[in-house]
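For reference, the structure is listed below as C-alpha cells.
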Amino acid sequence: MGHVVTLHMQSSRAKRGVTLSSETGRTNRPHKSLPLSKMDYETKFFPRIGGFGRYTKKVVVWSWFPSFAVALNVTSSMFLTMTPETFHCRPDPLLLPMSNLTEEELIRASIPWDEDGGPSRCELLKNLNGSVEASGSSDEWERVPCTRGWVYSTEWNLVCKDSWQIPVHNICFVTGSILGYIVFGALCDRLGRRHCFTFALILSCVFGAVICFSESSVVSLPLRLCQGLSLAGVSVSSYITRLELCDLPHRLTVAMVAVLFAVGAETVLPAVALACHSWQILQAVVTLPLVLLLPYWCCVSVFPESPRWQLATSQIPQVKWSLKEFTIRNQVCLLYGVAMTDSLLSEINSVYEEDCQPRFYSLLSLLHHPVTRRNCLTLSFTVFTAAAIQHCFTTDLYSYSTHFYLNYYVRVSAAAAASVFLYLLANRYGRRGVLLFSAIATCLPSLLLLAFKQNLYGVLVLALSTVGLLFCQVLAVLSVFFACEVMPTVIRGGCLGLVLASYSAGTAASFLVGLQTDFYYLYHLILAFFTVFSIIVILRLPESNRRPLPDFLEEGESQRRPLILPSPLDGAKQLGAQNLWKDQRRKSLRVERTPAQALEEHADIPDGNPETPPLSLSDTASQDQEYETLAETESETAL
C-alpha cells in the first residue's frame with residue numbers, strides 16, 4: 001500500500017513537471033501539500049463519500065432557494081423606483097376658493113396644460129380671484145408645484161423635481177453589487193464558501209429590514225449600496241458551492257434549475273407588488289425569504305462547506321471531517337461498513353504530511369498564469385457585453401410598446417427560454433460552441449436594428465428585439481457557468497466574482513446611458529462592435545464539457561483552446577479519458593445504491609463486504625498506466 005502511494009506521488013510530480021533552473025542548476029519542485037492528481041476528487045473522493053447521493057441532492061436543492069430570494073430582492077428595486085406611466089398632482093381645494101365643485105371639475109380646473117398639449121404632471125393652478133373660469137388675464141392664475149402629493153405616487157414620491165434620484169438609487173445598488181462580487185468572491189477563496197454565505201446572508205437581512213424604516217430617500221442611498229453588496233455575496237457563494245457539490249453529469253442541470261428559480265421570483269414579483277399598497281410593505285415582503293434562510297447559518301448540514309475547496313487548499317483536518325459527514329449522511333456505511341470511512345481517512349494520512357499547512361491563493365495569482373488570466377478576462381468581457389446590450393434591445397421594445405408589464409414579461413420569458421435552451425444544447429454541442437453561436441445570434445439582430453430600424457415594421461422590431469434579448473441572456477448565463485467550470489478551485493471565487501462584477505458593470509453602463517439619451521445610437525454601435533469582437537475572443541476559450549472541474553492553477557493552465565483539426569493522437573487521448581471516466585463511474589455505482597438494495601445484494605457476503613471494493617487512492621498508478629496504454633493503442637489504430 002505505501003509502495004503504491006509512493007509510486008503514485010512520483011508519477012504525479014512527473015505530470016506536474018519538475019523543472020531545472022538554468023541559472024542555479026537546482027530542481028524546482030512543487031509544494032509538498034499539492035494533491036495527487038487532477039482527477040483525485042472526481043474519481044477517488046467523490047464516489048467514496050456517496051457521490052451524488054441522497055444527502056448531496058438535498059444540499060443542492062437547498063442551494064436553489066437563495067437564488068429565488070436574491071432575485072426577488074434585486075428585481076424589486078425596479079418596482080420600488082418605478083415611475084408610473086401616467087400621474088398628476090392631487091387637486092388642492094385650498095388653491096381654488098370655490099365651493100360645490102365635484103372631483104372631476106376640481107381636477108379639470110386645477111391642472112394646467114403644458115406646451116405639448118397634455119396635462120401637467122408637476123404643477124397646479126392657483127386661482128387668485130375665486131373664479132373657476134379664466135377671465136383672460138394672466139394675473140388671475142398662478143402655476144404652483146404640487147401641494148398634496150401625486151396620484152399614483154412612487155417610493156418617496158420620486159417624480160418631478162426629485163426624479164433624478166431614481167437612476168442614482170439604481171447606480172448605488174449596482175455599485176454595491178460590483179463591490180460585493182469582488183470582495184465576497186475573494187473571501188470565498190480565503191475563508192470558505194459557507195462562511196461567506198452566512199455572513200452575507202445576515203448582512204442582507206439587516207440592511208433589508210433597515211430600508212423598510214428609512215424615511216428619507218437620501219438616507220436610503222448608502223443602505224441600497226450595502227444591500228447590493230450583501231446580496232452579491234449570497235449569490236456568488238451559493239453558486240460556487242452548488243457546482244462544487246455536483247458530479248460531472250449534473251452540473252449543467254443544477255445550474256439551469258437555479259436560473260429557473262430566479263426566473264420564478266421575477267415572474268411572481270409584479271403580482272406581489274400590486275398586492276402591496278406601499279413600498280415599505282413590498283420591501284418587507286421581499287426581505288422575508290432572506291430571513292427564512294437564516295437556519296442555513298445554524299444548520300451546517302443544510303449548507304455545508306465544499307470538501308473540494310478544503311482539499312484543494314490542503315485543509316486536511318477540515319476535509320477529513322467533511323468527508324466523514326458526507327459518508328455518514330449519504331449512508332455509505334450501510335454498504336461498506338465503518339471500515340470504509342476509516343480506510344479513506346487512513347489513505348489521506350498516508351499521502352499528506354502531518355505538518356501540512358493550508359495554502360490559499362488570490363486573484364494576484366493570475367499575473368503568473370497567462371492562460372487562466374486570458375480565460376477569465378475573455379469571459380468577463382463577454383458577460384459585460386451581454387449585460388450592456390440588453391438595454392439596447394429593451395429600448396427597442398419600448399419603441400414598439402410603452403406598456404411596462406409587456407416588456408417586463410418579454411424579458412423574463414427570454415431568461416426562462418435561455419435556461420431551457422442551454423439545458424438542451426450545452427451538453428450536446430459543448431459550452432464553447434453554444435457560446436459562439438449565442439454571440440453570433442446576439443450580434444445579428446443588433447446590427448439589423450441599427451441599420452434598418454426606421455424602415456422596419458413594428459412586429460419585426462419586436463421579433464428582432466426578442467431574439468436579441470433571448471441570446472444575450474444565453475450569452476450571459478453561459479459565460480458565468482463557463483467561468484465556474486474552467487477556473488481552478490483555489491481561485492474560483494475570485495474569478496467568478498470578477499465575471500459577475502463585469503455583468504453588474506454592464507448594467508451600470510446602461511443606467512448611465514439612460515440619463516443621456518442623445519448618446520444611445522453611439523452606445524448601441526459600440527456594443528455591436530464589442531459583440532463582434534467577443535465572437536473572435538470566444539474562439540480562444542477551452543472546452544469544459546465532460547471534463548472535471550480543475551482544482552489547481554496548474555490544471556487551469558492546461559485548459560487551452562481545442563484545435564480546429566485535432567490530430568489522431570489528441571483524439572485517441574480524449575477517447576481514452578472518456579473510457580477511463582466511464583470505467584471509474586461504473587465502479588462507483590455501488591456507492592449510489594439505496595440501503596435496501598445494498599442489504600439485499602450483499603446478504604450472502606460475510607460481514608457485509610462487497611466482492612468489488614470501492615475505488616481506492618492506491619489505484620492511481622494502474623489507472624495512469626491504463627490511460628497511457630489505451631491512448632497509444634488508439635493512436636496507432638488511427639494512424
Side-chain angles (χ1 to χ4, degrees), residues 67 181 185 188 235-236 238-244 246-259 262 363 366 369 371-387 389 415 418-442 470-489 491-504 506 530-531 533-551 553 555-562:
S67 299
Y181 285 130
C188 281
S235 178
V236 67
S238 61
Y239 196 101
I240 297 173
T241 305
R242 187 184 305 120
L243 260 66
E244 288 183 348
C246 290
D247 57 351
L248 191 149
H250 296 92
R251 284 203 305 255
L252 181 65
T253 304
V254 167
M256 293 306 105
V257 173
V259 175
L363 283 175
L366 294 177
H369 297 83
V371 176
T372 307
R373 181 178 68 245
R374 183 192 64 200
N375 294 336
C376 183
L377 294 179
T378 298
L379 292 170
S380 299
F381 175 78
T382 304
V383 77
F384 170 83
T385 304
I389 205 171
S419 61
V420 177
F421 178 85
L422 288 175
Y423 172 76
L424 296 176
L425 299 181
N427 272 338
R428 183 172 182 179
Y429 297 102
R431 282 56 158 150
R432 182 170 172 261
V434 175
L435 194 68
L436 181 63
F437 174 77
S438 302
I440 297 173
T442 304
L470 169 64
F471 284 103
C472 71
Q473 293 271 11
V474 173
L475 193 63
V477 173
L478 184 56
S479 296
V480 175
F481 178 73
F482 204 171
C484 200
E485 281 194 323
V486 299
M487 293 298 113
T489 301
I491 57 170
R492 181 170 293 127
C495 293
L496 184 63
L498 186 62
V499 173
L500 290 172
S502 301
Y503 181 86
S504 297
F530 282 179
T531 310
F533 184 70
S534 67
I535 297 174
I536 301 174
V537 298
I538 285 173
L539 294 174
R540 298 185 60 84
L541 289 174
E543 179 56 65
S544 62
N545 189 24
R546 298 186 180 92
R547 295 183 181 179
L549 296 177
D551 288 330
L553 292 169
E555 299 175 18
E557 289 298 291
S558 65
Q559 298 201 40
R560 302 177 182 271
R561 65 183 179 90

What's the shortest heavy-atom distance between Pro550 and Glu485, and which atoms? CD-O, 3.0 Å
Which atom of Val236 lies closest to which atom of Gly493, heavy atoms considered: CG2-O, 4.4 Å
Within-4.5 Å side-chain heavy-atom neighbours: Gln559 and Val371: no
Any side-chain heavy-atom pair of Phe421 and Leu425 under 4.5 Å: yes
Measure the spacing between CG of Leu435 and CG of Leu539 and express it to the nearest 0.5 Å. 10.0 Å
Would you find a donor on one side and an acceptor on the other, under 3.5 Å apart, between the side chain of Arg251 and the backbone of Pro548? no
Could you check if a side-chain atom of Thr372 sits within less than 4.5 angstrom of a side-chain atom of Ile491, using non-hydrogen atoms only? yes
Tell me, with the steps shown, if Leu363 and Cys495 meet side-chain contact (heavy atoms from CB on, under 4.5 Å). CA-CA 7 Å; Leu363 283 175; Cys495 293; 3.9 Å; yes
Please report the C-alpha distance between Leu541 and Val486 in whole Å, then the side-chain angles of each, then the deciding distance to 0.1 Å, and finally whether the side-chain contact (heavy atoms from CB on, under 4.5 Å) criterion is met. CA-CA 9 Å; Leu541 289 174; Val486 299; over 6 Å; no
Quick one: OG on Ser235 to CG on Leu500, what's the gap to the nearest 0.5 Å? 6.0 Å
If you define the side chain from C-beta out and look only at heavy atoms, does anything of Thr378 sit under 4.5 Å from Phe381? no
Heavy-atom pair with the smallest gap, counting every atom of Ala418 and Val474: CB-CG2, 3.4 Å
Counting N and O atoms only, with roles assigned by atom type, does the side chain of Arg547 sit under 3.5 Å from a partner on the main chain of Glu543, one being a donor and the other an acceptor? yes
Beyond-backbone contact of Thr489 with Glu555, side-chain heavy atoms, under 4.5 angstrom: no
Just by modelled atom types, is the Cys472 backbone N or O under 3.5 Å from a matching donor or acceptor in the Ser438 side chain? no
Can you tell me if Asn545 uses its side chain to pair, donor with acceptor, with the backbone of Asn427 under 3.5 Å? yes
Could you grab the distance from atom CG of Leu498 to atom OG of Ser380, nearest 0.5 Å is fine? 4.0 Å
If I take atom CG from residue Leu478 and atom CG from residue Leu436, how far apart are they, to the nearest 0.5 angstrom? 11.0 Å
Less than 4.5 Å apart, side chain to side chain, heavy atoms only: is that true for Leu243 and Arg492? no
Is there a side-chain contact between Arg431 and Leu252, using heavy atoms and a 4.5 Å cut-off? yes
What are the two closest non-hydrogen atoms of Ile240 and Cys484, and how far apart are they? CA-SG, 4.5 Å
Where do Thr531 and Ala439 come nearest, in terms of heavy atoms and distance? CG2-O, 3.5 Å
Supply the atom-to-atom distance Arg374 CZ to Cys376 SG, rounded to the nearest 0.5 angstrom. 12.0 Å
Nearest 0.5 Å, please: how far is CG in Leu475 from OG1 in Thr442? 5.0 Å
Over 60° means perpendicular and under 30° means parallel, so classify the ring planes of Phe471 and Phe437, tilted if in between. perpendicular
For Arg432 and Pro542, indicate whether the former's side chain and the latter's backbone hold a donor-acceptor pair under 3.5 Å. no
Show the nearest heavy-atom pair for residues Ser534 and Thr382, with the distance to one decimal. CB-OG1, 4.3 Å
Non-hydrogen side-chain atoms of Tyr239 and Val480 separated by less than 4.5 Å: yes
